Peer 1: 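Attaching a single structure in structure tokens format; questions to follow.
The model shown is predicted, which means the values in this text are computed figures rather than measured ones. Every chain is numbered from 1, with letters handed out A, B, ... down the list of sequences.
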Protein chains: 2
Amino acid sequence: MPKKAKQRGPVNVKAVETLKKRMKPEPVIAQLSETFKALGDPTRTRILLALCDLALCVYDLALLLNMSQSAISHQLGVLRHLKLVKYKRQGRGVYYSLDDEHIRHLLYEGIKHVEE
Amino acid sequence: MPKKAKQRGPVNVKAVETLKKRMKPEPVIAQLSETFKALGDPTRTRILLALCDLALCVYDLALLLNMSQSAISHQLGVLRHLKLVKYKRQGRGVYYSLDDEHIRHLLYEGIKHVEE
DNA sequence: CTTATATATGAATATATGTTCATATATATT
DNA sequence: AATATATATGAACATATATTCATATATAAG
């Protein structure tokens, strides 16, 4: 009767191998975490929450959040780059809005978690 | 006939005032962005995705993600602190799992956005 | 065309963050 | 009890990031 194999590591060496194969591909994970990271800054969170209600220009956002125009513009750049917001020139200002309904859902899902 | 009031700022001074009152309170926004920030690091994203499928111990996670035990443990500390994961000692290891179904939904919603 | 207004952007700086290394703590095994 | 295994944690360091300041770009108003 064979000696019982000494267990290497707590458990699931086999399960780990299976999981390794099922893991989402690297680029998907990278984009996923970048998206969450974009939502994970107070200023950007506030910008996105505001845009849930209404398209706003940089000037208005700066007013609303009581921050410098430059700071807002830099953050909008980040959100723009990640396609979380879209924008369109209109009159004097550039108006930003959520790019996608998914963004809204993400925010609401997050709020649900926080406010439970 | 009164001179047309010169428009200060592009537009919505009034709308901005209304929005200001409707904004989520500061602590909610802080917690919200902290939650997203926690999801916004590749290592933590991978940990959470793995835990979507299966409870795993530190050792297994380190194996799965090909990272040092210490790095994983530090990140689990972050997730633990934010109540995104729960854990329980079992046999030799400490097994981590998602704390909450909301976390799973958040991840799925994020994946939907990324994979569209 | 000239001036005022609105936005974007580069550089600099202060701060936050992730990993490593060393080591402490805790449980299991013998 | 002694040893091996598993996890947690503090300090240090390198890197990333958010805001400010100065200024460039772009459109509107006169």
Side-chain angles (χ1 to χ4, degrees), chain A residues 3-13 16 29-30 33-34 36-48 55-82 85-97, chain B residues 3-13 16 29-30 33-34 36-48 55-82 85-97:
Chain A
K3 232 189 332 190
K4 193 161 110 191
K6 200 193 262 174
Q7 206 168 350
R8 271 276 294 132
V11 203
N12 305 322
V13 181
V16 165
I29 293 183
S33 61
E34 275 199 21
F36 283 126
K37 187 189 295 183
L39 296 168
D41 167 80
T43 299
R44 289 190 296 261
T45 307
R46 294 196 295 160
I47 290 175
L48 291 170
L56 291 168
C57 68
V58 182
Y59 188 98
D60 291 337
L61 282 166
L63 215 64
L64 174 65
L65 306 185
N66 203 32
M67 293 183 65
S68 76
Q69 173 270 317
S70 181
I72 299 294
S73 192
H74 275 294
Q75 297 305 344
L76 283 171
V78 174
L79 297 173
R80 223 168 46 215
H81 190 69
L82 289 171
V85 298
K86 59 188 173 188
Y87 60 99
K88 120 179 115 170
R89 186 133 219 149
Q90 192 177 329
R92 293 200 209 172
V94 175
Y95 282 76
Y96 284 82
S97 53
Chain B
K3 235 192 331 193
K4 195 161 112 192
K6 200 195 264 174
Q7 206 169 349
R8 270 277 294 132
V11 203
N12 304 322
V13 181
V16 165
I29 293 183
S33 62
E34 274 198 21
F36 283 125
K37 188 190 292 182
L39 296 169
D41 167 80
T43 299
R44 291 191 295 262
T45 306
R46 294 196 296 161
I47 289 175
L48 292 170
L56 291 168
C57 68
V58 183
Y59 189 99
D60 291 337
L61 282 167
L63 216 65
L64 174 65
L65 305 186
N66 203 32
M67 293 183 64
S68 77
Q69 174 271 317
S70 181
I72 299 293
S73 192
H74 275 292
Q75 297 306 344
L76 284 170
V78 174
L79 297 173
R80 224 168 46 216
H81 190 69
L82 289 171
V85 298
K86 59 187 174 188
Y87 59 100
K88 116 179 119 169
R89 185 133 218 147
Q90 192 177 328
R92 292 200 209 173
V94 175
Y95 283 76
Y96 283 84
S97 53

Peer 1: C:dT17, D:dA8, C:dT19: which one has an atom nearest the side-chain heavy atoms of B:Y96?
Peer 2: D:dA8
Peer 1: Which nucleotide sits closest to the side chain of A:V58: C:dT7, C:dT9, C:dT17?
Peer 2: C:dT7
Peer 1: Angle, rounded to 10°, between the helical axes spanning five pairs at each terminus of the helix from C:dC1-D:dG30 to C:dT30-D:dA1?
Peer 2: 30°
Peer 1: Got a sec, which residues hit side chain to side chain donor-acceptor pair (under 3.5 Å) with B:R44, two or more places apart in sequence or on another chain?
Peer 2: B:Q75
Peer 1: In residues 65-74 of chain B, what residues come within less than 4.0 Å of DNA chain C, judged by heavy atoms?
Peer 2: B:M67, B:S68, B:S70, B:A71, B:H74
Peer 1: Please state how far atom CG in A:L76 lies from atom C1' in D:dA18, giving the value in whole angstrom units.
Peer 2: 14 Å
Peer 1: Quick one: which of C:dA8, D:dT5, D:dA18 gets closest to the side chain of A:R44?
Peer 2: D:dA18
Peer 1: Taking OH from B:Y95 and C1' from C:dA28, how many angstroms apart are they, rounded to a whole number?
Peer 2: 13 Å
Peer 1: Is the shortest side-chain N/O distance from A:R89 to OP1 or OP2 of C:dA8 below 4.0 Å?
Peer 2: no
Peer 1: Under 4.0 Å, heavy atoms only, any strand: does A:Y87 hit a base, just the sugar-phosphate, or nothing?
Peer 2: nothing
Peer 1: Could you tell me whether the phosphate oxygens of C:dA28, OP1 or OP2, come under 4.0 Å of any side-chain nitrogen or oxygen in B:R92?
Peer 2: no
Peer 1: Show which side-chain atoms of residues 62-72 of chain A pair as donor or acceptor with protein atoms under 3.5 Å away, not counting sequence neighbours.
Peer 2:
{"residue": "A:S68", "atom": "OG", "partner": "A:A71", "partner atom": "N", "Å": "3.0"}

Peer 1: Describe the nucleic acid contact of A:G77 in one word from base, sugar-phosphate, nothing, applying a heavy-atom distance below 4.0 Å.
Peer 2: nothing
Peer 1: Rounded to whole angstrom units, what separation is found between the CZ atom of B:F36 and the P atom of D:dT17?
Peer 2: 18 Å
Peer 1: Quick one: A:E34 CD to D:dA16 P, roughly how many Å, whole number?
Peer 2: 12 Å
Peer 1: Taking CD from B:Q75 and P from D:dG10, how many angstroms apart are they, rounded to a whole number?
Peer 2: 15 Å
Peer 1: At what distance, to the nearest 0.5 angstrom, does CG of B:L56 lie from CG of B:L61?
Peer 2: 5.0 Å
Peer 1: When rounded to the nearest 0.5 angstrom, what is the spacing between CG in A:L76 and NE2 in A:H74?
Peer 2: 11.0 Å
Peer 1: Given atom CG of B:D41 and atom C1' of D:dT15, what is their separation to the nearest angstrom?
Peer 2: 13 Å
Peer 1: Using only side-chain N and O atoms of B:K37, determine if any of them is under 4.0 Å from OP1 or OP2 of C:dT17.
Peer 2: yes
Peer 1: Would you say B:V85 and B:L48 make side-chain contact, with heavy atoms under 4.5 Å?
Peer 2: yes
Peer 1: Between atom CG in A:L79 and atom C1' in C:dA8, what is the gap in whole Å?
Peer 2: 15 Å
Peer 1: Between D:dT19, C:dT7, C:dA8, which nucleotide gets closest to the side-chain atoms of A:Y59?
Peer 2: C:dT7
Peer 1: Within this structure, what is the CD-to-P distance between B:Q90 and C:dT27, rounded to whole angstrom?
Peer 2: 15 Å
Peer 1: Go through the structure and list residues passing side-chain contact (heavy atoms from CB on, under 4.5 Å) with B:S33, not counting sequence neighbours.
Peer 2: A:P42, A:T45
Peer 1: Test of understanding: with ring-ring contact (aromatic ring centres under 6.0 Å, His included), list the residues that count as partners of B:Y96, not counting sequence neighbours.
Peer 2: B:Y87
